[in-house]
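Since the structure comes first, as structure tokens, the remarks are kept for the end.
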Amino acid sequence: MTNRAKRIIVAAVLIVSLIVALRLWVRSPVDERSDLRMVMGTFARVIAVADNSKTAENCIEAAFSQLITVDNLMSTYKQDSELSRVNSGAFPDPVKVSATTFEVLQKSVEFSRLTDGAFDVTIGPLVQLWRSAGDADSVPSDEQLAQARDKVGYDKLVLDANDLSVRFTVEGMRLDLGGIAKGWAIDRAIETMQEKGAVGGMIDVGGDIRCFGMPPRGKKHWLIGLQDPEEATDALTVGRPLLVLRLTDAAVATSGGYRRFALIEGEKYSHIIDHKTGTSAQSLSSVSIIADTALDADALATAVSVMGPEKGFALIEALPQTEAVLISPPPKYELTKTIGANKYMR
Ligand code: AMP
Ligand code: MG
């Protein structure tokens, strides 16, 4: 072999070794940790990818603790939450709240304006009425519906940014952040994980999901299965996914009456309420929204469930970086999606 040939072989071996070393350096050392716990009245899965297991574990703890903090502020199921304090005290005088709760309320009103009131955090009196109807197994009367509807409307809510206070202009108003708080909490928990050193992660709180950075080892993207409403008939039955999304630094939230509903007089009533009729939204069985943040995805999924396929589709098509996968009610279960949604599918 000539000297020239030897030099070429040595150079080739060096280049190949360099590429292998670089790939190993880029991919590792990474460690993944994952945990599933009950938070915000549902199952929450947190996955953290970090350069060592200790960091990954710390990120998971910090994420869960962030989710719990938001729940303690914004749950209507907790009598001592900040939101419960507002609900019992914001009429006729205002109640001061934390900057966090105030910001979520401001965002909520922005979504109400954007969706012509389809998303409305003052929906509380109707939510309560339907919850009691479920317990009593008796559909509310027209009079009860009319009374509750009089207490609903984001235009009846006064938010004062000067002293971070909240006031109801009608007695008996009730705020309900069930359609947006999970999204907000996920975004804050993702930020916390990033601050604590995670290079990748995913948080799934009851089907509202956001992921960022490096996916688990061996994967190019975060793979997120969307449930098939025909298979997932209640909160515990999951069934096989309808489709799998490939996400990178994005969020997806799914709203649907197929998992959470009240069974009243043998009929299923979705937990999402149409402010215009006062009864449950029924024109879609499942709405998944892909967006940059979990907050946007969460609020828009609830809103589109109320708006229905035509108006909902038009809204999502008009919003940048936002896509929708809609499934019509049974028995058809027809799937429609925005054109941009295709890029997330396998
Ligand atoms: P999601 O599962 O995110 O669609 O949220 C559903 C929850 O949002 C319900 O359980 C209620 O707490 C609340 N909610 C119901 N109807 C509405 C509505 N029209 N606007 C805002 N929140 C709603
Ligand atoms: Mg929602």
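Both ligands and their constituent atoms are indexed starting at 1 by order of listing. Model, not experiment: these values are computed from the prediction. We use all heavy atoms of the structure for the numbers below, so side chains are in, but hydrogens, waters and symmetry mates are not.
Taking only nitrogen or oxygen atoms, main chain and side chain alike, T254 does not reach within less than 3.5 Å of ligand 1. Annotation: H271 places an N or O atom under 3.5 Å from an N or O atom of ligand 1; distance criterion only. Inclusion of G179 in the set of residues having an N or O under 3.5 Å from an N or O of ligand 1 is warranted. Considering backbone and side-chain N/O atoms, T302 comes within less than 3.5 Å of an N/O atom of ligand 1. Among the atoms of D208, none of the N or O lies under 3.5 angstrom from an N or O of ligand 1.
At most 12 heavy atoms of other shown residues, nucleotides or ligands fall within 6.0 angstrom of atom CD in E143.
S270 and A281 get closest at one heavy-atom pair: CB-O, 3.7 Å. Across all their heavy atoms, E317 and I339 have their closest contact at OE2-N, 3.8 Å.
Counting the atoms of ligand 1 from 1 in the order shown, those under 4.0 Å from a heavy atom of D298 are 3 (O). Listed by atom number, the atoms of ligand 1 under 4.0 Å from A118 heavy atoms are 18 (C), 19 (N), 20 (N).
Paired with D71 under the rule salt bridge (charged side-chain N to carboxylate O under 4.0 Å, His left out), one option of R37, K182, K78 passes, and it is K78.
Between D187 and R210 there is a salt bridge, since a side-chain N of the basic residue sits under 4.0 Å from a carboxylate O of the acidic one. Salt bridge R33/D31: present, at least one basic N to carboxylate O contact under 4.0 Å. A salt bridge links E82 and R85; the closest N-O separation between the charged side-chain nitrogens and carboxylate oxygens is under 4.0 Å.
The nearest protein atom to atom 16 (N) of ligand 1, hydrogens excluded, is given as I273 N, 2.9 Å; this is a heavy-atom distance. Looking only at protein heavy atoms, the nearest one to atom 20 (N) of ligand 1 is D120 N, 2.9 Å. The protein atom (non-hydrogen) at minimum distance from atom 4 (O) of ligand 1 is S255 OG, 2.6 Å.
If you look at V306 next to ligand 1, the close heavy atoms, those under 4.0 Å, all belong to the side chain.
A donor-acceptor pair under 3.5 Å is formed between the side chain of D298 and the backbone N or O of G183.
In this structure, OG1 of T302 and O of G179 enclose an angle of 90° at the Mg ion (ligand 2), rounded to 10°.
With respect to the Mg ion (ligand 2), D298 has OD1 as its nearest N, O or S atom.
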